[in-house]
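Below is one structure; the comments refer to it alone.
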Amino acid sequence: MYKIISGKEISLAVKERVAAQVSEMKKDGIEPCLAVILVGDDPASRVYVNNKKKACEFCGIRSLEYLLPADASQEELNSLVEKLNDDKSVNGILCQLPLPKHLNEKEVLNLIKPEKDVDAFHPENVGHIMIGDYSFLPCTPAGIMEMLKYENISLDGKNCVIIGRSNIVGKPMAMLMLKENATVTVCHSHTKNLKEIVSQADVIVAAVGRAKFVTADMVKDGAIIIDVGINRNDDGKLCGDVDFEACKEKASYITPVPGGVGPMTIATLMQNTITAAKIQKG
Ligand code: GUN
């Protein structure tokens with residue numbers, strides 16, 4: 001028998017906790033503020049940015065949106081980041097990825113002041129995560145850890161297999177799981193015997209970006225399945241990287257798509273924004 005881990009429910013609990021903290025901060029004259037930059041009009045990015053704005057409204061966080069045209073220059077983008085870096089009323093800066101191909105993502109991420117880097121993508125913050133001493137955690141991996149904590153799932157000694165080695169999910173996920181004493185394997189497109197490795201996992205984190213990538217024959221009985229994917233199936237319906245219907249029968253816990261990891265990413269962003277505001281106000 002499996003249990004669905006509801007990101008919708010858990011993210012609501014996190015956002016309520018953040019909202020309560022924001023009310024307290026406002027009594028001390030602190031109004032946390034998040035600035036989001038979106039370059040171009042990618043429909044999926046537009047949806048994410050709108051969801052971030054709604055979450056800010058829910059939590060009482062001031063949100064600023066900067067929409068740059070798809071052909072914006074690197075100089076335009078950099079100077080916006082510099083302006084927001086210098087603006088004392090702005091606590092968090094998020095540049096929605098991916099950027100249009102002509103823009104240098106690394107250059108922008110390196111420019112965001114580490115204390116305003118609510119994505120934790122700046123090399124300084126990445127370094128802090130590596131040594132297990134951090135202010136901000138990357139939103140998706142931290143959201144996943146929060147889900148596991150909420151369900152009282154300990155990772156101590158567990159065999160965790162992450163599929164995907166991105167800087168946004170796979171790599172920081174491995175660091176957070178290691179910190180909780182898991183044995184971590186990171187698989188990727190060059191991994192040999194992927195099925196064999198995944199089928200030994202107590203916890204599977206799928207962050208591949210391909211519908212039905214994880215099939216039931218790859219899942220050990222009782223495994224915990226975390227699905228980070230957001231894809232469209234042939235009918236245009238939102239789905240994850242996991243063949244949910246088939247895999248759930250073997251799982252002990254499984255996250256759905258939508259309503260799983262996605263809302264947790266946004267809830268963590270809210271948490272990071274108030275952390276940033278607290279750091280900046282000393
Ligand atoms: N695009 C997809 N996920 C993310 C994220 O967590 N942060 C940013 N900035 N862009 C993303």
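Ligands are counted one by one from 1 in listed order, and the atoms in each one are counted from 1 as well.
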Does anything in residues 200-219 pair up under salt bridge (charged side-chain N to carboxylate O under 4.0 Å, His left out), and if so which pairs, sequence neighbours excluded? Lys195-Asp217, Asp202-Lys220
Who's touching ligand 1 if we go heavy atoms under 4.0 Å? Leu94, Cys95, Gln96, Leu97, Asp119, Phe121
Short N-O contact, Glu65 and Arg46, less than 4.0 angstrom: yes
Listed partners of Ala182 passing side-chain contact (heavy atoms from CB on, under 4.5 Å), at least two apart: Leu155, Cys160, Met177, Val184
Glu57 with Lys54: basic N within carboxylate O range, under 4.0 Å: no
Does Lys248 count as lying over the ring of Tyr2, i.e. NZ or CZ under 6.0 Å from the six-ring centre, within 45 degrees of the axis? no
Keeping to residues at least two apart or across chains, list the salt bridge (charged side-chain N to carboxylate O under 4.0 Å, His left out) pairs with something in residues 158-171. none
